[in-house]
Every structure is written in C-alpha cells, then in structure tokens.
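A quick write-up on the structure given underneath.
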Amino acid sequence: MNLMRNKWMMLTFNVGIVTLLFAVLAPVYDLFHYINQLFYIAYFYLFVGILLWVIRGGFFDAITYSFRRFTNRVSKQKDYMDDWKEKPMPSETVEKSWLKFFLFHGGLLTIGVLTLLVVYYNL
C-alpha cells in the first residue's frame, strides 16, 4: 500500500507496465505502438476516475434511494432489521483519495500520450 501512497513511484510503475505491454504485445517496435499501449493504460485510469467523480457527485444517489424504497415496499419477505434509509449512498462510499489517485495518474499519462503524439507527428 506504500507504493500507492507515493504517486511518483506509482507513475513510474505505470510507465513500466506500459513498456512491458509494449515489449510483449507490439508487432513492431515503434513509437506508434508505444503510444497505443500508453493510451490504453491512461484511459483506463481516466475512465475509472471520471466514473468515481460522477458517483461522488451524487448522480446515482436518487436512483439508489428510489430502488431501495421500492424494494422495501414491494418485497414479500421483509427484513425488519434492515434499515434501508440508514444505508450509505454511493456518493458516501467513494473516498476522495481514490478519486484523486485515478484522476492524477490518468491526467499525467494523458499528458504523456499527447506529448508523444506531438513528437510522433513532427518527425
């Protein structure tokens, strides 16, 4: 877990993963295929980060609340010990540190992709 706390070490680890994927999966060793591998990793981080941002913003809270209420009203086997109003909403379960982690790494890897694209198209 200490590796996850040091964001620069984790960024180095991500670049290492990209390089390993490039070495294993690329049919030809050129900058184009390296950019592709970096793109896959960068947009995985960005996708997860943006998804966590939307969830943390409370977008799904009303939907979750209404589904819980509907299930409680319609259910034939009611659990009287289950207090559906007290369960945490999705926005309360996403920690801000994970949101920052994914957006930081996705953003920096995307900057790397854009930088390599500028280099690739100017050669």
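Sequential numbering from 1 along the given sequence is applied to the chain's residues.
Connection of F67 to V74 is not established within any shared hydrophobic cluster, with ILVMFWY side chains joined at heavy-atom distances below 4.5 Å, either directly or through further cluster members. Cluster annotation: L31 is not connected to V118 through the hydrophobic network of ILVMFWY side chains, with a link wherever side-chain heavy atoms come within less than 4.5 Å. Cluster annotation: F70 is not connected to F60 through the hydrophobic network of ILVMFWY side chains, with a link wherever side-chain heavy atoms come within less than 4.5 Å. In the hydrophobic clustering of this structure, W8 groups with I41; members are Ile, Leu, Val, Met, Phe, Trp, Tyr whose side-chain heavy atoms approach within less than 4.5 Å, directly or through other members.
For the pair L38/N14, no side-chain contact is recorded, criterion being any heavy-atom separation below 4.5 Å from C-beta on. Side-chain contact check for V113 versus L117: some heavy-atom pair is nearer than 4.5 Å.
Each of Y34, F32, Y40 was checked for a ring pair (Phe, Tyr, Trp, His ring centres under 6.0 Å) with F22, and the lone residue meeting it is Y34.
Under the side chain to side chain contact (heavy atoms under 4.5 Å, CB included) criterion, R68 pairs with T64, W84, K87, M89, not counting sequence neighbours. In this structure Y45 satisfies the ring pair (Phe, Tyr, Trp, His ring centres under 6.0 Å) test together with F102, H105, sequence neighbours excluded.
Between I50 and L103 the shortest heavy-atom distance is N-CD2, 3.9 Å. G107 approaches L46 most closely through the heavy-atom pair N-CD2, 4.0 Å. Looking at every heavy atom in both residues, L99 comes nearest to G49 through CD1-O, 3.3 Å. For D61 against P90, the heavy-atom pair with the smallest separation is OD1-CD, 3.2 Å. Of all heavy-atom pairs spanning Q37 and L21, the tightest one is OE1-CB, 3.6 Å.
Within a 6.0 Å sphere centred on CZ of F44, heavy atoms belonging to other residues, nucleotides or ligands number 12 at most.
Using bins of under 30°, 30° to 60° and over 60° for the plane-to-plane angle, the ring pair Y43/F39 lands in the tilted bin.
A donor and an acceptor atom, one from each side chain of D30 and H33, are located under 3.5 Å apart.
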